[in-house]
Amino acid sequence: MDQAKSYRAPSGTRDLFAEESRKFEAITSAFSRHMSFAGYGLLETPLFEEAAVFKRSIGQGTDVVNKEMYEFEDKGGRLMSLRPEMTASCARAFVQHSPPTPWRVRYAGPMFRYERPQAGRYRQFYQLGAEVFGTADPEVDTEVIWLAYKFIESLGIRSMTLKLNSLGDANCRPQYREKLVSYLSSHRDGLCDEHRDRLSENPMRVLDCKRPECVEVAGGAPVQIDHLCDDCAAAFRSVTEGLSRAGVAFELAPRLVRGLDYYMRTTFEISGDSLASAQNALGGGGRYDGLVESIGGPQTPGIGFSLGIERLLLACDAEGVLSLGEWSPLVFVVCLSQGEAAIHAGRLIYSLWGGGVNAQAAGSSRSTKAQMRAAGKSGAALVAIVGDEEAANDSVSVRIMNRDSASGLLERMATDWKAADSDQWSEFSEGSQVTLGIDRFVSIVAGSSGSTEVASAISGDSAGVPASQGIEVHNP
RNA sequence: GUGGCCGUAGCUCAGUUGGUUAGAGCGCCAGGUUGUGGCCCUGGAGGUCGGGGGUUCAAGUCCCCUCGGUCACCCCA
């Protein structure tokens, strides 16, 4: 059975290309722009770390560590793990480099969790996120939540809910925990099978268990938010007031408990209300003031969030937002014969590419008809035709294929080309054609298509990615 | 880890109560006279019907096993 086996991407993973990868790229670059304006520099970390980095920070009792980590032993006998999330890696980097605080970083990349795949849930999934290390100031809580919330909004997503909670701190959580345990113990029989046994292990979990039995018991349980110490209460008030002032709508979710142990004080989750599937969390985050210490660093407060790209995309599709422009070449080069013409055509397309012009060709060995069909299908604005005649006098015949996408060029062409070569160019209709010098053509086209895209992408750090032809996020 | 649904060309699917060389649309390739797209016409390539076993004169169609996909529980992004 396995001798003629055909391979496919591993379960829970997939190949991204065409329309989908363009959307990924659009979202990622929009995020880069959004976060760099707020002073968050990009942090890249390895896709794998020593497994202990995750175990000690995320928590031994969590599902993520318990049953979802991709662990392996490397050839040196070290126990490693693919990263199931990014906060632990960021904390490790923070401890390793001791950067000046507050340290604001953003990240984007794949995470790995071994779970059964499902709608909106993958084994390799992509997150965008940010962390701030070194300040406990509640203003930063507001900042981080605002950034997450407004980014989602900037994609055009409208139906979402921000749920907010405070989990208390080392001071008030233990006392609350006792109250909760004693309440739950007295209602032990009403709990679902799983939580009846694991009650004292992680009592908070019972609060967001979705089984009807637990929901009923949890409904009457004391909640942390009513048992905060003075410091925590003051901090939380500051966050809620800050959000209100910043125009971010939220609802209190006293039973919101996140699945990673390191969270304390402010925690939040943003769910997409347009998502039908069970996986409707677009993202979430919170404060983790004990995390850095837990992996051997100095006592350092921190807060962050992460968003799931796949979920964002799902929500965009559900709401019909994130529309990308057409992605088609400006020029399509058609070569009519082999030999000199093909050489000439080759020079032309390299000049176009070198000048930063989005250009394509279909191969000179194919028939004229096939090349023209390919040109039409590509959506190119212009076709540059090269045959023996053109090759002989160093020219190209240019034909308008798509008037709309050529519109930006038409004005330029009107003055430039009319004056230079053509008087039959008075009306720009599709199918109009004119012959002109190859250098002249390249300079005109390069001049009007943003020829310095690549250069500006490299130098213009803040933008990250240029508003190139076609790839841009549309904000309604 | 547990359960429901599904597996026929690259994609979306037809395939009658089991019966001759397994079909359509889209896509792809090539033509429809000499150097010109989108429409139309013609032709072509492409499937061991997920895999294995069984029942039968005969199985894409029935039975069993297995693999894969998908959705849900759980957890989260």
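Letters A, B, ... are given to chains in the order of the sequence lines, protein chains preceding strands, and every chain is numbered from 1.
For rC65(B) and rG23(B), the P atoms lie 33 Å apart once the distance is rounded to whole Å. Across the P atoms, rA22(B) and rG46(B) are found 14 Å apart, a figure rounded to whole Å. The P atoms of rC63(B) and rU16(B) are separated by 14 Å, rounded to the nearest whole Å. Taking atom P on both nucleotides, rC11(B) is separated from rG27(B) by 15 Å, rounded to a whole Å. Separating the C1' atom of rG4(B) from that of rA77(B) is a span of 25 Å, rounded to the nearest Å.
Along RNA chain B, the nucleotide closest to G284(A) and the one closest to K67(A) are compared, and the more 5′ of them pairs with K67(A).
Counting non-hydrogen atoms under 4.0 angstrom, S337(A) reaches nothing in the nucleic acid. Nucleic acid contact class of Y122(A) (heavy atoms, under 4.0 Å, all strands): base. Here G129(A) lies out of heavy-atom contact (under 4.0 Å) with every strand. Across all strands shown, T62(A) has no heavy atoms under 4.0 Å from either base or sugar-phosphate atoms. When heavy atoms are screened at a 4.0 angstrom cut-off, L312(A) is found touching no nucleic acid atom at all.
Atom CD in Q338(A) sits about 13 Å away from atom P in rG35(B), given to the nearest Å. Taking atom CD of Q279(A) as the reference point, atom P of rA77(B) lies 11 Å away to the nearest angstrom. Taking atom CD on Q371(A) and atom P on rC28(B), their separation rounds to 16 Å, with Å as the unit. Between N280(A) atom CG and rC74(B) atom P the separation is 13 Å, expressed in whole Å. Going from atom CG of L128(A) over to atom C1' of rA77(B) covers 10 Å, rounded to whole Å. Taking atom CG on N393(A) and atom P on rG35(B), their separation rounds to 18 Å, with Å as the unit. Atom P of nucleotide rC75(B) and atom CD of E85(A) are separated by 18 Å, given to the nearest angstrom. Distance E310(A) CD to rU70(B) C1': 17 Å, rounded to the nearest Å.
The aromatic rings of H34(A) and W146(A) lie parallel to each other, their planes meeting at an angle below 30°, with 60° marking the opposite boundary.
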Problem set entry | Criterion salt bridge (Lys or Arg N to Asp or Glu O under 4.0 Å) on R22(A) and E19(A), from CA distance to verdict | CA-CA 5 Å; R22(A) 285 184 62 212; E19(A) 199 61 12; 3.5 Å; yes
For this session: Check the pair T435(A), E390(A) against side-chain hydrogen bond (donor to acceptor under 3.5 Å, both in side chains), reporting the backbone distance first and the verdict last.
Result: CA-CA 8 Å; T435(A) 300; E390(A) 288 82 358; 4.9 Å; no
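Residue pairs that meet the ring pair (Phe, Tyr, Trp, His ring centres under 6.0 Å) test with at least one member in residues 304-323 of chain A, sequence neighbours left out, do not exist here.
The side-chain contact (heavy atoms from CB on, under 4.5 Å) test applied to R14(A) returns L16(A), E20(A), F24(A), Y122(A), E310(A), not counting sequence neighbours. Residues forming a salt bridge (charged side-chain N to carboxylate O under 4.0 Å, His left out) with D169(A) (at least two apart in sequence, or on another chain): R265(A). In terms of the ring pair (Phe, Tyr, Trp, His ring centres under 6.0 Å) criterion, residue partners of F31(A) (sequence neighbours excluded) are, by chain and number, F151(A). With sequence neighbours excluded, no residue forms a salt bridge (charged side-chain N to carboxylate O under 4.0 Å, His left out) with R177(A). Judged as a salt bridge (charged side-chain N to carboxylate O under 4.0 Å, His left out), and not counting sequence neighbours, the contacts of E269(A) are R258(A). In this view, R347(A) and D394(A) satisfy the salt bridge (charged side-chain N to carboxylate O under 4.0 Å, His left out) rule, not counting sequence neighbours. Judged as a side-chain contact (heavy atoms from CB on, under 4.5 Å), and not counting sequence neighbours, the contacts of D273(A) are S159(A), T161(A), S271(A).
A distance of 5.5 Å separates CD1 in I27(A) from CG in L322(A), rounded to the nearest 0.5 Å.
For R366(A), whose side chain is taken as the heavy atoms from C-beta onward, the closest listed nucleotide among rA77(B), rC29(B), rG31(B) is rC29(B).
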Can you name the atoms? Protein N/O to nucleotides 44-47 of chain B N/O, anything below 3.5 Å, with the distance.
none

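One finds a salt bridge joining E153(A) and K150(A) here, because a Lys/Arg side-chain nitrogen approaches an Asp/Glu carboxylate oxygen to under 4.0 Å.
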Exercise. In the 5'-to-3' direction, what one-character label does each nucleotide of nucleotides 36-43 of chain B receive under the scheme B = base within less than 4.0 Å of a protein heavy atom, S = sugar-phosphate only, - = no such atom?
Worked result: BBB-B---
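Interface remark: the R205(A) side chain does not form any donor-acceptor pair with the rC75(B) base, using a distance-only criterion of under 3.5 Å.
Using a 4.0 Å cut-off on heavy atoms, the residues of residues 108-119 of chain A that approach RNA chain B are R113(A), E115(A), R116(A), Q118(A), A119(A), listed by number.
Aromatic pair W353(A)/Y350(A): centroids less than 6.0 angstrom apart.
Shortest non-hydrogen contact noted between G219(A) and R255(A) is CA-NH1, 4.0 Å.
Distances shorter than 4.0 Å separate none of the side-chain N or O atoms of R8(A) from OP1 or OP2 on rG50(B).
Taken together, the paired segments of RNA chain B that extend over three or more consecutive Watson-Crick or G-U pairs, each closer than 3.5 Å at both contacts, are B:1-7 with B:67-73, B:10-13 with B:23-26, B:28-32 with B:40-44, B:50-54 with B:62-66.
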